[in-house]
Each structure stands twice: as structure tokens, then as C-alpha cells.
There are 2 protein chains.
Amino acid sequence: MDSINKEEIQKQFPQFEQPLLDGILKESVIKHLEEGEPIIQTGQYIRSNILLLNGLLKVYREDDEGNEFLMYYLEPGSACALSMMCTDRRETSQVKAKAVQSSDVVLIPAHLSEQWLAKYKSWHNFVIGTYRERFEELLQTLDSIVFKSLDERLLFYLKRHVETIGSEIRLSHQQIAEELNSSREVISRLLKKLEQRGAVTLHRNYLKVHNLEKV
Amino acid sequence: MDSINKEEIQKQFPQFEQPLLDGILKESVIKHLEEGEPIIQTGQYIRSNILLLNGLLKVYREDDEGNEFLMYYLEPGSACALSMMCTDRRETSQVKAKAVQSSDVVLIPAHLSEQWLAKYKSWHNFVIGTYRERFEELLQTLDSIVFKSLDERLLFYLKRHVETIGSEIRLSHQQIAEELNSSREVISRLLKKLEQRGAVTLHRNYLKVHNLEKV
DNA sequence: CGCCCACAGTGACTTACATCACGCAGCCAA
DNA sequence: TTGGCTGCGTGATGTAAGTCACTGTGGGCG
């Protein structure tokens, strides 16, 4: 905790003006998350904005039977749009988030975030921008489910993974299936087809992506 | 156009402070839409915020093969979140909107909207609130597709329709099928099952919803 | 070393939904 | 009236994906 200083925040959020940075340092809490640790849990009332300093978070939806569905990954320098809208979450399905890698997050109390919206232009722009980006991302995800078949969705998923995390995907077929709300066997078959076309190479517990475009 | 006055805007947007209302009256354009008229078209760069004064708009997604998918309806007093994020829309799938009923909308130039965010607290809250609501709504829609089967999605669709428009649904099976990105025959069969259970009564070109809860 | 166990491959089957083909009924207009 | 159009009902069939049951395999560990 003490190892996180102004410089680190400034590095990830260079657009923030000085007084805002000071405010963040003074008022916010920095929390370290171990790999796999949840940050937003079911039914929890969110009272803080969450900014990601380093590491990687995964934001996903879960239904009442425990089925998961990946919404998007959060990278350092970005914020969780969901943590910004403290609506009541009584629905059966819940948004959840957890750390994919060991991460550090900045927790900003909701009432301060509200104040800062009016006070700091850079904060305001950041919040609005976050909404926009996540909205866009959610729309893309929606598209891929409504209009595309599973093989196309898998491609979309792999591409996004390569962009955010890298071309070496350290997940089992089972885990990929869960993120797409599908089943292992189906994902295995589709991955095998991709391998035959030279797009990926499969290994135990991980796979490498080569070229998804020409598939 | 001249029949729309300050009182009408004030009635739909009572939370706006006086100077903001004056600004809207002075700077914005009011546009009338006939039933079925599009307001956001494919690939169009959106330069205005759209507020709905009266009537009803339908916001939907369309893919490159012309398949539609309903996102949500917009009622008077609300705004189109999408018109607020003027990102470039080069993706294959497009968000579109059109009038379901004859409607009047207020078009607010994007640069003014930006200014007003800092200037008027009520405008700021309105914009943030719009993002939140639409985000929530989109999440619910996402849920229903990812986790639910078509019969449940149809129920979800009917419920939403009843809430926003009323229990008499003046659409053909074909039109309902399109909004769910399904096919007429399947929707016909599912509707018939609902009729047998007493939840709806079917007619030519319209249907009446009685009680969806106990199904 | 051999045992175990999680991961992966595979064929057979089921299911949900789409698609096709056709018939029929109501309604408008020539 | 009659013809045609549009919306709706329905069986037959196709297809993508989920499920089940089983086999194979590689890697860690006693």
C-alpha cells in the first residue's frame, strides 16, 4: 500500500490535473488484489469508483445458476463503469469482477466522485469517456451474440484476448467455454478446426494465437 | 414546430433549471417525425443530442445483412444515450432509431451539450442518468440473450412492451420475430402456446396481453 | 516407477431453433 | 364475385450446439 505513490497514479492517469491527483491521494483507498480475488460480488452495493492502477480485471455477468459470461477486461488506466452507477442491483443476474492477475486498484468514495464531476474537468471527461467506451464494448458484445454463430464469437473472443492480454492464452478449453457460456466439447472442436487452418496451436492448459484475420 | 413551446419542454423535463430551458429554446431545433421515420441512420455521424418530447422511438441494432434487433424503446422525457456519444461508427453493425409513433424530438448540437455539462448541474445529472439507465437496460437485454431461451426472451419482450406501450401489441408475428431476430413460424408457435395458457389472445395484426406473470 | 487426475478428443444422441413447403382465412380492390 | 395479397398455422426436415459416455494423454507426485 505504501509503495503506491503519486507518481504511479500519475503515470496511469496522466490526464488528471494536479489538485485532482492530490484529492485522490488524500481521500481514496488503495487496495491490492491477489490473482483470482473478487472485487465486485453478488448483490453488493457499490459505494466506490474503481480505478485500475496495474494488473488486470475481468468483468463478467453471472446468472442465478452460476453460469458466467465475460463482458470485458479492464486494463490499467481505466475504470469500471459499473462501479460508477450505484443503482440497486436486485436483479437475478449480477455483474461481478475479479482480478485475473495480481492487481492494485484505487477506490474512490462515490460522494467524492460526484463532487469531482463538477469540480475537475479531467475527472468529468474521464467518467463520461468511461461510460462511452464500456457502452461501445457492450454493444459489440451484444452484436456478437445476437447475430453471430459460436465459431465467430470464439474468434471475436480470441481477438479481444490477444489485444488486451497477449497471443498466449493461458486458459483451459473449459475456462474458455465458461467465458462464452458454452461447453468444453464444443469449444474443443472449434479450436481444433482453427488449429487445422493454422490460426492457433493448441497445448495443454494454454494455446497460442498466430493469425486470426485470414481465417 | 411553432406549436412547441417552453411549457411543453418544461413539462417533459421538469428537472431542468430555467437558464438551461432558455438555452434549449434558443439554440436547439425541434423536429417532427412521422410514424416509421428514421432518426438515426446507418453510418451517420451524430452531431446532436436527441431528447424526446412526445411520441415513441425505437432504438435497434442492425447487422450487415439487414437483420434487426431491438435494444429498447425511448419514451417522452428521455434521451438517446447513443446520440450522446459521438464516436465514429465504422463497425459493420449499426445502431439505428426510428419513430414508432408520430413524435417530436429536440435536437441539441453536440458542442452545446458539452458546454452545458459543466454549466448546468441538471443537464449534467440528466446526461449521467441517461447513460446509467441505458447501460442497465442493455445489460438486461444481454442477459436475456445469453442465458435465456427464446420463449423466455419472448416473455421478457412482451413484458417490456406492455410496460412502455401497453397491453395491446399492434404488431404482426413477423414484426415481433424481427425484433427478436428470430423467425415468424417459431414466434407463432410460442405465441400459440402462450394463448393456450391464457396469457395472451391472438388476432390478426395484433395481440392482447393478459397476465404474463403466472406463466 | 506407476498411479492418479485434470485436460483433451471423439462418436452418438438430444434439443432448440431455423428453414422449407404448403394450405387456409380474412380482406381489399378490380 | 373473384382473384390476389398478406398474415397465420403446421408438419417435415435441416443444422448448430449442448449433452453424454467413453477413451486417451501428459504431468505431477507419492
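Here is the naming used below: chain letters follow the sequence lines, and residue numbers restart at 1 for every chain.
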Under 4.0 angstrom, heavy atoms only, what part of the nucleic acid is B:S183 near: base, sugar-phosphate, or nothing?
base
Which listed nucleotide (C:dG9, C:dA8, D:dT19) is nearest to the side chain of A:S172?
C:dA8
Select from A:R204 and A:L190 the residue whose nearest nucleotide in DNA chain D is closer to the 5' end of that strand.
A:L190
Given atom CD1 of A:I187 and atom P of D:dG18, what is their separation to the nearest angstrom?
7 Å
May I have the distance from B:H203 (atom NE2) to D:dT6 (atom C1'), rounded to whole angstrom?
18 Å
Length of the line joining B:D151:CG and C:dA18:P, which is rounded to integer Å:
12 Å
Spacing between A:N205 atom CG and C:dC7 atom P, to the nearest angstrom:
6 Å
Salt-bridge present (A:R153, A:E179; N to O < 4.0 Å):
no
Atom-pair distance (CD on B:E195; C1' on D:dC8), nearest Å
12 Å
Is the phosphate of C:dA18 approached by B:S182 (side-chain N or O, under 4.0 Å from OP1 or OP2)?
yes
Can a donor-acceptor pair under 3.5 Å be found between the side-chain atoms of B:E185 and the base atoms of C:dC20?
yes
d(NE2, A:H173; C1', C:dG9) in whole Å
10 Å
Rounded distance in Å - NZ (B:K192) to P (D:dG9)
5 Å
Hey, does A:S149 reach any base, or is it just sugar-phosphate, or nothing, if we go heavy atoms under 4.0 Å?
sugar-phosphate
Around atom NZ of A:K159, are there more than 12 heavy atoms from other residues, nucleotides or ligands closer than 6.0 Å?
yes
Grab the CG-P distance between A:L150 and D:dA17 for me, whole Å please.
5 Å
Electrostatic pair B:D143:A:R61 at N-O distance under 4.0 angstrom
yes
Quiz question: going by heavy-atom distance under 3.5 Å, is there a donor-acceptor pair between the base of C:dG9 and the side chain of A:R184?
yes
Any side-chain N or O of A:S188 below 4.0 angstrom from OP1/OP2 of C:dG9?
yes
So does A:K193 have more than 12 non-hydrogen atoms from other groups sitting under 6.0 Å from NZ?
no
CA sep, side-chain torsions, deciding dist, call: A:Y72, A:Y60, ring-ring contact (aromatic ring centres under 6.0 Å, His included)
CA-CA 7 Å; A:Y72 41 72; A:Y60 59 102; over 10 Å; no
